[in-house]
Amino acid sequence: MPSKTSKKVEKAQADNTAEESFYASPLYDFLYPFKPVGSQWLPEYIIILFAVIIRCAIGLGPYSGQSVKPMHGDFEAQRHWLEITQHLPISQWYYFDLEYWGLDYPPLTAYHSYILGKLGSLINPDWFALNVSRGLESNDLKTYMRFTVILSEVIFYIPAVVYFTKWVGRHRGLSPVGQFIAAAAILFQPALMLIDHGHFQYNCVMLGFTVYAINSLMDEFYAPAAACFVLSICFKQMALYYSPIFFAYLLGRCVFKTGIRFPRFLSIAMATIATFLVMYIPLYIMGSGSQNVLQSVHRIFPFARGIFEDKVANFWCVTNIFVKYKQLFTQQQLQLYSLLATALGFLPAVVLVLLYPKKHLVPFALAACSMSFFLFSFQVHEKTILVPLLPITLLYTSTNWDVLSLVSWINNVGLFTLWPLLKKDGLALQYCVCFAFCNWLIGNFSFVTPTFLPKFLTPGPSVSSVDSNYRRRSLLPKSIIWKLIIVGSYISMGAIHVLDMFVAPPLNYPDLWVILNCTLGFGCFMLFWLWNYYKLFSLAGQSLQQL
């Protein structure tokens with residue numbers, strides 16, 4: 001019989017162990033055997049390998065616009081840009097046949113397309129033959145295009161995420177396995193996997209540059225941080241959602257944190273200007289001068305499209321059910337109102353970061369700012385939720401159970417709001433499997449296992465290797481109110497899915513289920529946005545250890 005003293009010691013050790021992220025989750029169980037190993041390179045490569053395998057499995061499914069003529073979808077748009085960038089001079093990139101997937105992203109996307117198009121043409125020139133390759137849907141082309149997304153993610157996104165989790169883990173005293181558990185949770189975020197490797201896009205490049213910029217901020221390399229963030233903007237303009245926070249943080253580090261440091265400010269300014277010049281000089285020199293640069297800017301910011309283009313879980317789309325903005329206001333008025341609403345939304349975060357430029361506030365501040373853009377800005381797409389989800393998902397490095405719970409919940413809500421798009425793409429199977437797999441992995445189904453399943457069917461360390469307090473718990477916050485909100489939202493999501501799959505909407509309201517999806521998503525995003533602001537201000541006077 002163990003003594004009371006030994007039980008107390010065992011319980012204290014269990015409490016200390018519980019500081020690991022996702023303690024007693026299946027993800028923790030899988031990586032637990034590597035904990036005593038001196039060199040931790042093996043779990044790192046296991047995580048990366050499985051992340052790539054899951055992405056390959058998703059890529060076996062259909063993609064945006066498959067067999068949907070004449071415009072097809074995002075897959076064809078990306079393929080078309082690989083086609084025109086290698087066959088046309090730079091002066092025509094932003095002018096060529098704008099009615100058929102004209103290039104509408106910044107120049108780094110064009111350069112990225114040029115390189116991938118050249119590599120693909122070495123394998124099969126027919127994939128990207130000018131004009132005649134339009135709408136091509138061969139299996140070998142699909143394989144190559146899927147490979148380019150995986151290659152881009154392996155180069156730009158995965159190393160940045162792994163480095164970030166290692167940095168946070170080292171500075172918070174987490175074990176190497178704890179760092180890799182956080183990295184795995186971030187890399188298995190289902191929304192990004194399904195959009196990039198299912199629907200088909202290259203968001204991982206933009207997000208990867210953003211994480212590299214965050215890593216540079218953590219290491220206090222401010223000029224490289226500015227350069228990486230400019231590269232993120234120059235790949236996709238949606239990275240501008242982060243720009244107020246990067247500006248405020250860098251300015252705060254030059255002025256408020258350690259006194260006025262003009263050399264630091266000058267290096268940041270020079271790095272920013274130099275990176276923009278490197279990106280745009282080819283358009284100026286090899287194009288038609290400033291006219292080509294202005295045309296690219298015009299294509300990047302399509303204000304003429306309207307305040308929202310499709311059903312999306314933001315303020316303007318949801319409230320448009322009751323207030324018909326396009327009938328009551330002009331385009332210019334809506335642009336002004338959305339600008340004011342967005343600025344009011346992110347201004348508190350900007351002011352706080354400017355006055356208190358602390359490293360542990362960066363993910364919360366970026367989440368508050370980018371979510372403000374998503375909720376209130378002009379011309380938002382449903383896929384844009386990936387932008388605020390990035391800094392939110394980086395908070396998987398936290399060991400605060402409430403933070404982990406809320407981050408997991410809002411990732412599920414973000415995925416749920418992508419359902420209408422993924423359903424249209426024929427990715428319902430991938431959606432369901434990724435939703436179930438990723439939630440099971442981080443412990444959201446721990447109330448099921450091992451309680452209702454035999455122990456030999458549940459992964460985990462040997463019972464002889466752990467203390468008696470090793471147990472699983474559901475990934476829900478401590479607050480009863482938040483538990484009710486989260487469980488209620490999950491029940492509502494399930495009900496909307498059942499309606500969408502088995503009940504036809506009324507003829508007068510064909511988009512009713514989509515509107516319900518957007519409304520529920522908007523309500524959840526608003527609640528999370530407010531909670532995130534609460535955490536941001538409450539952590540202002542604390543340190544990285546309280547993350």
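Numbering starts at 1 and runs along the sequence shown.
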(message) Using side-chain heavy atoms (C-beta onward) and a distance below 4.5 Å, is F128 in contact with L141?
(response) yes

(message) Is there a side-chain contact between F373 and L240 in this structure, where contact means two heavy atoms from C-beta onward sitting under 4.5 Å apart?
(response) no

(request) Look at atom OH of Y111 and say whether more than 12 heavy atoms of other residues, nucleotides or ligands are closer to it than 6.0 Å. (result) yes

(request) Please check if atom CZ in F437 has more than 12 non-hydrogen atoms from other residues, nucleotides or ligands closer than 6.0 Å. (result) yes

(message) Can you tell me how the ring of Y202 sits relative to the ring of F200, calling it parallel under 30°, perpendicular over 60° and tilted otherwise?
(response) perpendicular

Under a plain distance cut-off of 3.5 Å, with no hydrogens placed, do [Y] and [X] share a side-chain donor-acceptor pair?
X: Q201; Y: D196; value: no
X: T165; Y: Q179; value: no
X: S133; Y: D126; value: no

(request) Please say which of H80, Q78, R79 ends up in a side-chain hydrogen bond (donor to acceptor under 3.5 Å, both in side chains) with E76. (result) R79

(message) Taking the ring of F528 and the ring of W531, is the distance between their centroids below 6.0 Å?
(response) yes

(request) Could you walk me through whether S121 and W127 pass side-chain hydrogen bond (donor to acceptor under 3.5 Å, both in side chains), step by step? (result) CA-CA 7 Å; S121 294; W127 290 343; over 6 Å; no

(message) Could you check whether R55 pairs with E153 (Lys NZ or Arg NE/NH1/NH2 to Asp/Glu carboxylate O, under 4.0 Å)?
(response) yes

